[in-house]
Amino acid sequence: LHELADPRGTGIGNQPANTSYDLKDHQEIVAAYDKFLDKWGFRAAFPATEKVWTSLGKKCYDTWQNYMENARISDELDFCAISGWESTAIENHSGIVDNLRNFKSDPTPISATLLPVRPVAKQRAMCTALGEGATFDLYLLNDTDKAAAGTLSFTAVSPSGKLIKFAEFPAPEWKRDQFSYLVKEAFVTPKLTEEGMYKFKFAISSMPSATQTKEIWVVSPLPEWPCYSGIGPLPSGPLPTGPCHAIAYKKVGTSGISVALHKQLSALLGAAPQEFKPGEKYDVIVSSGITAKAAATQNSGDTTGLEAQPASVVGPVVTTAQVGVLADGILDAVRAGTPLLAIPQADALSDGVAKQLAAAGAFTYNGSVGDFRAPWMGNWYFVRKHPLYDGLPVDQPMGIHYQAKGRESNGLLVEGTNVEIIAAYSRDHDRRIGAGTFTTKLGAGKVVYHRVPEMHPVMQARFLANALRWLVG
């Protein structure tokens, strides 16, 4: 396989003979990550480069945990399989161990889910808006030939460490050839009042070691920030607080955005944004670069294994190569000081918008890293602390809570004096790390460039609120 590999395209096959397991490849990849983490301010988030890989392993294992829970909940399902490892010299792309048989992270999320008796609080969503309750379906899984005795208790630990007791239930009556027992359907917790990670625990008193922990992120899509009544420098003294639409960006101009993004902005602002018109004054401009011919969606570079799936699973396929375009007048407005949120969340859109901004002098653009090649190979974002991601999980890969679609992901290879990368992007077998979210300047105007595909609705709303606030600040 090494003799047939394409080293220039994939990096596979660069190692000399008798140095298996891609030693040279991985040394080069680690060196590239070390350089990137130092250069772009990610070292505080990842003191050792290994933390990137173990954090990505956790994301993988969290996914397998949910997969195995779903499989065991269904009594109609007789068996399922987890990708284990490959007996080849190349890297094991999707298995639970690498080719040296080392775990990629702490395997507890998988191993605990396979315990013969296991309480499972099955979440309806991985992220919940502040002030709302989380919904769970509560099960007891029992693969033994006898009843599980004791009491089931459902609790949570809040981000501040407060223990919250929700309910207790008797263990269900055992029945032969039944392995999944529904304890309570659609259990809704009281309102969750703290931002951050809640750890929900479902336990059975007779087997404390079988306790399940499920992490749910809670964040306000409409945070209460200090606000003021006009554009310009903040007044001195204490400021009143209010929902984010009270911040004084009174006039938002949009151009080439999707219907979904228009609705999201309307909800945040408390009123519909206005269509951008050259020469008019706006407090911030938002554009995805969509034109009548541009595609807002994309297909992956390799769809092998997806052919038999329904279109609703595979998703739409691009039928045009038309690139995104910033409307006439936008670049001039930004140069003059109007902030810009560029949010082209597909390759065709991003390539066009990036080339326009690069030609105008906002940054140097060297193309994109590329998509995930194939579903079993994978790609990822990792994000560091920054006001753009205030209230969201940071200093880690974008894990299961973000729900960002891998198939639609990519990152830009950018440089520039004013460039600051906040969310980075890369993929399997690649030495290049790009930007998913970054900031820069064009003339007197601040620019936020966001290539990350749409996230969980609550996360997406909070990011948009953060971005608008940062741009007008």
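We're numbering straight along the sequence, starting at 1.
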Is [Y] paired with [X] through a side-chain N to carboxylate O contact shorter than 4.0 Å?
X: R407; Y: D371; value: no
X: R469; Y: D390; value: no
X: R462; Y: E195; value: yes
X: E420; Y: R384; value: yes
X: K39; Y: D34; value: no
X: E28; Y: K35; value: no
X: D143; Y: R72; value: yes

To the nearest 0.5 Å, tell me how far K58 NZ sits from D106 CG.
->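 Nearest 0.5 Å value for the NZ-CG distance: 9.0 Å.
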For the atom pair CG (D283) and CG (L468), what is the distance rounded to the nearest 0.5 Å?
->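 D283 atom CG to L468 atom CG measures 10.5 Å (nearest 0.5 Å).
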Backbone of [Y] reached by a side-chain donor or acceptor of [X] within 3.5 Å:
X: T49; Y: Y33; result: no
X: T440; Y: A362; result: yes
X: N466; Y: L388; result: yes
X: R431; Y: H26; result: no
X: S74; Y: A71; result: no

Between F154 and F136, is the gap from one ring center to the other below 6.0 Å?
->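 They qualify: ring centres under 6.0 Å apart.
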Check against ring pair (Phe, Tyr, Trp, His ring centres under 6.0 Å), F382 and F46 | CA-CA 10 Å; F382 52 98; F46 303 99; 5.6 Å; yes
Would you mind listing every ring-ring contact (aromatic ring centres under 6.0 Å, His included) that reaches into residues 391-427, with sequence neighbours excluded?
->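 Qualifying pairs: Y381-Y425.
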Side chain proximity check, [X] to [Y], heavy atoms < 4.5 angstrom:
X: L114; Y: M68; value: yes
X: K385; Y: I422; value: no
X: S105; Y: C60; value: no
X: I433; Y: L37; value: no

Under the side chain to side chain contact (heavy atoms under 4.5 Å, CB included) test, residues paired with A48 that sit two or more places apart |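 Expected list: none.
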Check the angle between the aromatic planes of [X] and [Y] and answer parallel, tilted or perpendicular using the 30° and 60° thresholds.
X: F438; Y: F363; value: perpendicular
X: F200; Y: Y198; value: parallel
X: F103; Y: Y61; value: perpendicular

Does the cation-pi check pass for K59 over W380, that is, NZ or CZ under 6.0 Å from the six-membered ring centre and within 45° of its axis?
->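 Relative to the ring axis of W380, which defines the angle, K59 lies outside at least one limit.
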Looking just at side-chain N and O atoms, do K201 and T213 make a donor-acceptor pair shorter than 3.5 Å?
->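 A donor-acceptor contact under 3.5 Å links the two side chains.
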Do we see a donor-acceptor contact under 3.5 Å between the side chains of S158 and E194?
->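 Yes, a side-chain donor-acceptor pair sits under 3.5 Å.
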What residue among Q460, Q264, K405, Q403 forms side-chain hydrogen bond (donor to acceptor under 3.5 Å, both in side chains) with E454?
->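 With E454 as partner, Q460, Q264, K405, Q403 yield a single side-chain hydrogen bond (donor to acceptor under 3.5 Å, both in side chains), made by Q264.
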Verdict with reasoning, N410 to D347, per side-chain hydrogen bond (donor to acceptor under 3.5 Å, both in side chains) = CA-CA 7 Å; N410 210 329; D347 283 346; 3.0 Å; yes
